[in-house]
Chemist: 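Please find one structure pasted underneath; my questions will follow.
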Amino acid sequence: MNSTKIDILKCLSDGQWRTTPEVAQECGLSLTNVSELLRRYRSQGLVNRDRNPDVPRGYLYRITHTGVERLQYLDSDVVRTSSAIADKVGLSGSKKRVFDHWVEQKLRR
């Protein structure tokens, strides 16, 4: 399970603009790590970015609607349960995503 992604998206889930150092501090992660992850999440459409007028070359980040939906999915009982099972049997990557989808379909019946 990607607990770091969940932590960062939860940090931004109130819809407020946050700086990279604020996110890093709240999540207990390094500034470099959070900076790279926020860039990735922006390319995935999970967060928006805007220039921080107080810091040269600095940015502010806020969660998008897609980010809220992803957080709800990642933090769901289905994903937590299937992730625990996948970890036990050694599934990862695309095989884990297929397994997550399969578990979700079975639980909807």
Side-chain angles (χ1 to χ4, degrees):
M1 174 177 278
N2 194 340
S3 60
T4 303
K5 183 180 277 187
I6 292 170
D7 291 345
I8 290 174
L9 292 177
K10 277 185 179 179
C11 172
L12 298 170
S13 67
D14 64 1
Q16 299 298 311
W17 290 98
R18 299 253 193 290
T19 64
T20 305
E22 289 170 338
V23 175
Q25 183 176 5
E26 187 169 328
C27 296
L29 300 166
S30 75
L31 188 59
T32 305
N33 190 11
V34 169
S35 181
E36 175 61 29
L37 290 170
L38 286 170
R39 277 194 290 273
R40 286 185 198 172
Y41 301 161
R42 180 174 176 252
S43 70
Q44 294 171 13
L46 304 179
V47 299
N48 284 327
R49 168 174 99 169
D50 200 7
R51 282 279 180 199
N52 183 350
D54 299 332
V55 179
R57 296 181 359 173
Y59 293 99
L60 296 166
Y61 292 89
R62 180 171 65 183
I63 196 166
T64 64
H65 179 69
T66 302
V68 170
E69 289 177 342
R70 181 74 55 86
L71 175 59
Q72 289 171 345
Y73 173 75
L74 291 173
D75 205 29
S76 69
D77 289 339
V78 170
V79 173
R80 282 196 303 268
T81 302
S82 65
S83 289
I85 294 167
D87 288 344
K88 275 287 197 204
V89 298
L91 293 178
S92 63
S94 63
K95 289 181 180 181
K96 185 197 167 304
R97 285 189 292 278
V98 169
F99 182 69
D100 286 346
H101 181 70
W102 180 81
V103 169
E104 186 176 21
Q105 295 300 323
K106 293 296 181 188
L107 290 176
R108 284 187 182 171
R109 289 184 176 180

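This is a predicted model, so every value here is computed, not measured.
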Chemist: Would you call L37 and K5 a side-chain contact if the rule is heavy atoms closer than 4.5 Å?
Modeler: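 Side-chain contact under 4.5 Å: no.
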Chemist: Is it true that a side-chain atom of E22 and a backbone atom of T19 form a donor plus acceptor pair closer than 3.5 Å?
Modeler: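 Checked: pair present.
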Chemist: Under a single-linkage definition using a 4.5 Å side-chain heavy-atom cutoff for Ile, Leu, Val, Met, Phe, Trp and Tyr, are V55 and V47 assigned to the same hydrophobic cluster?
Modeler: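 In one cluster: no.
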Chemist: Mind running side-chain contact (heavy atoms from CB on, under 4.5 Å) on L71 and S13 for me, showing each step along the way?
Modeler: CA-CA 8 Å; L71 175 59; S13 67; 3.9 Å; yes
Chemist: Does R80 use its side chain to pair, donor to acceptor, with the backbone of D75 at less than 3.5 Å?
Modeler: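 Side chain of R80 to backbone of D75: a pair is present.
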Chemist: Give a yes or no on whether Q44 atom CD has more than 12 heavy-atom contacts from other residues, nucleotides or ligands under 6.0 Å away.
Modeler: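 For Q44, atom CD is crowded (more than 12 foreign heavy atoms under 6.0 Å).
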Chemist: Any idea which heavy atoms bring L9 and G67 closest together, and the distance?
Modeler: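 Smallest heavy-atom distance, with atoms named: CD1-O, 4.0 Å.
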Chemist: Nearest 0.5 Å, please: how far is CD in Q16 from CG in L60?
Modeler: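 Going from the CG atom of L60 to the CD atom of Q16 covers 11.0 Å.
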Chemist: In terms of hydrophobic clustering (I, L, V, M, F, W, Y; side-chain heavy atoms under 4.5 Å; direct or indirect links), are W102 and V89 co-clustered?
Modeler: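 Per the 4.5 Å side-chain linkage, W102 and V89 are co-clustered.
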Chemist: Decide whether a cation-pi geometry holds between R49 and Y59; the criteria are a distance under 6.0 Å from NZ or CZ to the six-membered ring centre and an angle within 45° of the ring axis.
Modeler: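 Yes; both conditions hold, so R49 lies above the ring face of Y59.
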Chemist: Under a 4.0 Å threshold between the charged nitrogen and the carboxylate oxygen, would K10 count as salt-bridged to D14?
Modeler: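 So D14 does not pair with K10 through a salt bridge.
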Chemist: I'd like to check N48 versus W17 (side-chain heavy atoms, cut-off strictly below 4.5 Å). Are they in contact?
Modeler: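 A side-chain contact exists here, since the closest heavy-atom pair is under 4.5 Å.
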Chemist: Hey, what do you get for NZ (K96) to CG (D87), rounding to the nearest 0.5 Å?
Modeler: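 Here the interatomic distance stands at 7.5 Å.
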Chemist: Going by salt bridge (Lys or Arg N to Asp or Glu O under 4.0 Å), name the residues that satisfy it together with R70, two or more places apart in sequence or in a different chain.
Modeler: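 Here no residue qualifies.
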Chemist: For L38 and T20, work out which heavy atoms get closest and say how close.
Modeler: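 In terms of heavy atoms, the two residues are closest at CD1-OG1, 4.0 Å.
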Chemist: Is it true that a side-chain atom of S35 and a backbone atom of T32 form a donor plus acceptor pair closer than 3.5 Å?
Modeler: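 Flag not set: sc S35 to bb T32 has no pair under 3.5 Å.
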Chemist: Do the non-hydrogen side-chain atoms of L31 and P21 ever get within less than 4.5 Å of each other?
Modeler: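 Yes, close enough: below the 4.5 Å cut-off.
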Chemist: Looking at every heavy atom in both C27 and D7, which two are closest together, and how far apart are they?
Modeler: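 In terms of heavy atoms, the two residues are closest at SG-O, 3.6 Å.
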Chemist: Does the side chain of S43 pick up a donor-acceptor pair with the side chain of R39 at under 3.5 Å?
Modeler: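 R39 and S43 do not have a side-chain donor-acceptor pair below 3.5 Å.
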Chemist: So R18 and L12, do their side chains get closer than 4.5 Å, heavy atoms only?
Modeler: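 L12 vs R18: side chains touch.
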Chemist: In the structure I gave you, are the side-chain heavy atoms of V23 and Y61 within less than 4.5 Å of one another anywhere?
Modeler: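 No; the side chains remain at least 4.5 Å from each other.
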Chemist: Following the transitive rule for hydrophobic clusters with a side-chain heavy-atom cut-off under 4.5 Å over Ile, Leu, Val, Met, Phe, Trp and Tyr, establish whether Y73 and Y41 coincide in one cluster.
Modeler: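 Yes; Y41 is reachable from Y73 via cluster members.
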Chemist: Quick one: does T64's side chain have a donor or acceptor within less than 3.5 Å of a partner on L46's backbone?
Modeler: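 Side chain of T64 to backbone of L46, a donor-acceptor pair under 3.5 Å: yes, one is there.
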